[in-house]
Amino acid sequence: MDCIGVIGYGHMGSMLVDGFLSSGVLGVDEVVVTSRRQESRDACAAAWPGIGIAATNSELARQCRTIILAVRPQEVKDVLHEIFPAMDGDEHIVSLAAGVGLTELEGLFSGSVTRAIPTITSTIGQGTTLVCHGRQVGMHDALRIEGLFSSIGNVMLVGEEELPAATILSSCGPGLLAAVIEELAGAAAHASSLSGDRALELATETAAATAAYLRETGETPGDLVGRVATGGGVTEVGVKGIRERLPEVFDEAVAAMLERYGAVGK
Ligand SMILES: NC(=O)C1=CN([C@@H]2O[C@H](COP(=O)(O)OP(=O)(O)OC[C@H]3O[C@@H](n4cnc5c(N)ncnc54)[C@H](O)[C@@H]3O)[C@@H](O)[C@H]2O)C=CC1
Ligand SMILES: O=C(O)[C@@H]1CCC=N1
């Protein structure tokens, strides 16, 4: 059977297994998982009775034609070297690793290779997985992977040159925005008698409602600012300060992330 193998049961590996199985797009008899630590393998077996658990990466590679590499970027090369003897060359390797390019992956495995960059928000069926297929990937394999990831959220096909910036927005983005929510709530609580918990509750709800508003109305962020910031009122002084200082903050953050992106798999 063409099982899906998942190597690495950390944040992403466990999210994908949970998502694919909860959505019903795969059954437990179609998934094989392995991870470095026995505790992770035991946790997976306990969460999904009947799922395939392989003792080693090579054992998984012998059983599965589609192999998702959910290990950290610096582990990808070693894992591919490890499973290589167990593969027959017809496999489809799907790497989640940020910063490890198709050229490098195809240099390690000459068959079908896809890069798929998920996002933690797919835990709740939202957000976008970025997908970039290598040249060897046939239509059937491409559609299969796109279908799998569609079961846990949106899928966007991207060119590899777009991937660094798209990853920052789609996959790092939840971390960035969570930090912004925390800072906004913290500042409001710090300057007032509102408790930190209530400030965070309000800021989180406002962020969710604002994103939903923009998505549903199709208004631009500028339009929305104009609706909220009553002339001579409260919002406009806050937006003015943010517009003066945030571009530099975000330019620096994006530049730092792009630099790390280029180095992370080395
Ligand atoms: N965390 C995120 O939001 C996103 C992560 N990614 C990518 O997904 C990949 C995984 O990231 P996370 O799940 O956050 O990392 P993680 O550290 O939570 O999980 C990695 C897992 O791989 C296992 N592992 C390490 N070496 C192994 C080996 N040789 N054989 C088998 N298992 C091994 C670890 O024990 C761990 O369970 C990374 O390459 C990352 O760049 C991509 C998009 C988003
Ligand atoms: O921070 C990271 O390196 C991973 C890749 C994208 C999101 N998380």
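Just so it is clear, the structure is predicted and the values come from calculations on it, not from any experiment. Along the sequence shown, residues are numbered consecutively beginning with 1. Ligands are counted one by one from 1 in listed order, and the atoms in each one are counted from 1 as well.
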Asker: Would you call Phe20 and Ile68 a side-chain contact if the rule is heavy atoms closer than 4.5 Å?
Answerer: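 When only atoms from C-beta onward are counted, Ile68 and Phe20 do touch, with a gap below 4.5 Å.
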
Asker: Would you mind checking which non-hydrogen protein atom is closest to atom 29 (N) of ligand 1, with the distance to 0.1 Å?
Answerer: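 For atom 29 (N) of ligand 1, the nearest protein heavy atom is Val79 CG2, 3.5 Å.
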
Asker: Short N/O distance, under 3.5 Å, between Ser171 and ligand 1?
Answerer: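 Among all N and O atoms of Ser171, none is under 3.5 Å from an N or O of ligand 1.
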
Asker: Tell me the protein heavy atom at minimum distance from atom 13 (O) of ligand 1, and give that distance in Å.
Answerer: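 Sorting protein heavy atoms by distance from atom 13 (O) of ligand 1 puts Met12 N, 2.8 Å first.
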
Asker: In terms of residue, atom name and distance, what is the protein heavy atom nearest to atom 17 (O) of ligand 1?
Answerer: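 Result for atom 17 (O) of ligand 1: Arg72 NE, 2.7 Å.
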
Asker: Determine, stepwise, if the pair Arg115 / Leu130 fulfils side chain to side chain contact (heavy atoms under 4.5 Å, CB included).
Answerer: CA-CA 8 Å; Arg115 296 183 63 188; Leu130 308 167; over 6 Å; no

Asker: How does Ile7 reach ligand 1, by side chain, by backbone, by both or by neither, if only non-hydrogen atoms under 4.0 Å count?
Answerer: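 For Ile7, only side-chain atoms sit under 4.0 Å from ligand 1.
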
Asker: Answer side chain, backbone, both or neither: which part of Val264 comes under 4.0 Å from ligand 1, heavy atoms only.
Answerer: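 No part of Val264 is near ligand 1 at this cut-off.
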
Asker: Can you check whether Arg65 reaches Asp90 side chain to side chain, under 4.5 Å on heavy atoms?
Answerer: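 Sidechains of Asp90 and Arg65: in contact.
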
Asker: Does the N or O separation between Glu82 and ligand 1 drop below 3.5 Å for any pair?
Answerer: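 No, since none of the N or O atoms of Glu82 sits under 3.5 Å from an N or O of ligand 1.
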
Asker: Between OG1 of Thr129 and CD of Glu146, what distance do you get to the nearest 0.5 Å?
Answerer: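 Rounded to the nearest 0.5 Å, the OG1-CD separation comes to 11.0 Å.
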
Asker: Can you find a heavy atom in the side chain of Ser170 that is under 4.5 Å from one in the side chain of Ile117?
Answerer: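 No - every pair of side-chain heavy atoms lies 4.5 Å or more apart.
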
Asker: Can you tell me which portion of Glu75 lies within the under-4.0 Å heavy-atom range of ligand 1? Options are side chain, backbone, both, or neither.
Answerer: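 Glu75 to ligand 1: side-chain contact only, backbone stays beyond 4.0 Å.
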
Asker: Counting only heavy atoms, which portion of Leu69 has something under 4.0 Å from ligand 1: side chain, backbone, both, or neither?
Answerer: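 No part of Leu69 comes within reach of ligand 1.
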
Asker: Could you tell me whether atom 2 (C) of ligand 2 has a protein heavy atom closer than 4.0 Å?
Answerer: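 Under the 4.0 Å cut-off, atom 2 (C) of ligand 2 has no protein heavy-atom neighbours at all.
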
Asker: Report the nearest protein non-hydrogen atom to atom 22 (O) of ligand 1: residue, atom name, distance rounded to 0.1 Å.
Answerer: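 Going by distance alone, atom 22 (O) of ligand 1 is nearest to Gly8 CA, 3.5 Å.
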
Asker: Less than 4.0 Å between atom 6 (C) of ligand 2 and some protein heavy atom, yes or no?
Answerer: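 Yes, there is one.
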
Asker: Is any side-chain heavy atom of Val71 closer than 4.5 Å to a side-chain heavy atom of Ile7?
Answerer: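 The answer is yes, as the side chains (C-beta and beyond) meet within the 4.5 Å cut-off.
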
Asker: For ligand 1, find out whether one of its N or O atoms is nearer than 3.5 Å to an N or O atom of His11.
Answerer: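 By distance alone, the answer is yes.
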
Asker: Check whether any N or O atom of Ser35, backbone or side chain, sits under 3.5 Å from an N or O atom of ligand 1, and answer yes or no.
Answerer: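 Looking only at distances, the answer is yes, because the N/O contact criterion of under 3.5 Å is met.
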
Asker: CZ of Arg41: more than 12 outside heavy atoms within 6.0 angstrom?
Answerer: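 Atom CZ in Arg41 is packed in, count exceeds 12.
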
Asker: Check this for me: Glu248, atom CD, are more than 12 non-hydrogen atoms of other residues, nucleotides or ligands nearer than 6.0 Å?
Answerer: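 12 or below, so no.
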
Asker: Of all the atoms in ligand 2, which lie at a distance below 4.0 Å from a heavy atom belonging to Ala98?
Answerer: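 What qualifies from ligand 2 is 5 (C).
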
Asker: Has Thr34 got any heavy atom lying under 4.0 angstrom from an atom of ligand 1?
Answerer: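 It does not; every heavy atom stays at 4.0 Å or beyond.
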
Asker: Strictly below 4.0 Å, N to O, side chains only: are Glu244 and Lys240 in salt-bridge contact?
Answerer: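 Lys240 and Glu244: salt-bridged.
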
Asker: Side chains of Gln63 and Glu59: closer than 4.5 Å at any heavy-atom pair?
Answerer: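 Touching, per the 4.5 Å side-chain cut-off.
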
Asker: Of the protein's non-hydrogen atoms, which lies at the shortest distance from atom 44 (C) of ligand 1, and what is that distance?
Answerer: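 Protein heavy atom at minimum distance: Pro118 O, 3.3 Å.
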
Asker: To which protein heavy atom is atom 7 (C) of ligand 1 closest, and what is the distance rounded to 0.1 Å?
Answerer: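 Residue, atom and distance for the closest contact: Leu96 O, 3.1 Å.
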
Asker: Could you identify the single nearest non-hydrogen protein atom to atom 10 (C) of ligand 1 and state the distance to 0.1 Å?
Answerer: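 Here the nearest protein heavy atom works out to Ala70 O, 3.5 Å.
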
Asker: Taking side-chain contact (heavy atoms from CB on, under 4.5 Å) as the criterion, tell me which of Ile152, Leu26, Val6 meets it with Leu16.
Answerer: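 Option passing the side-chain contact (heavy atoms from CB on, under 4.5 Å) with Leu16: Ile152.
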
Asker: With the side chain counted from C-beta on, respond yes when Leu80 and Ile83 share a heavy-atom pair under 4.5 Å apart, and no when they do not.
Answerer: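 A side-chain contact exists here, since the closest heavy-atom pair is under 4.5 Å.
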
Asker: Who's the nearest protein heavy-atom neighbour of atom 32 (N) of ligand 1, and how far?
Answerer: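 Sorting protein heavy atoms by distance from atom 32 (N) of ligand 1 puts Arg36 N, 3.1 Å first.
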
Asker: Compare Val71, Ile117, Val76 and give the one whose heavy atom is closest to atom 33 (C) of ligand 1.
Answerer: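 It is Val71 that holds the nearest heavy atom.
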
Asker: Heavy-atom contacts under 4.0 Å between Ser171 and ligand 2: side chain, backbone, both, or neither?
Answerer: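 Near ligand 2, Ser171 shows its backbone as well as its side chain.
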
Asker: Quick one, Ser22 and Trp48 - any side-chain contact, counting heavy atoms below 4.5 Å?
Answerer: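 With C-beta onward as the side chain, the pair touches.
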
Asker: Which atoms of ligand 1 have any heavy atom of Pro73 under 4.0 Å away?
Answerer: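 Those qualifying, in numeric order: 38 (C), 39 (O), 41 (O).
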
Asker: Just grab all the ring-ring contact (aromatic ring centres under 6.0 Å, His included) pairs involving residues 66-103, residues at least two apart or on different chains.
Answerer: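 The answer is none; no pair qualifies.
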
Asker: Show the atoms of ligand 1 that are less than 4.0 angstrom away from any heavy atom in Tyr9.
Answerer: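 In order of number, 37 (O).
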
Asker: Could an N or O of ligand 1 be found under 3.5 Å from any N or O of Gly10, whether backbone or side chain?
Answerer: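 Between Gly10 and ligand 1, an N or O pair is found under 3.5 Å apart.
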
Asker: State, yes or no, whether a side-chain contact exists between Val31 and Leu21 at a heavy-atom distance under 4.5 Å.
Answerer: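 Yes, close enough: below the 4.5 Å cut-off.
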
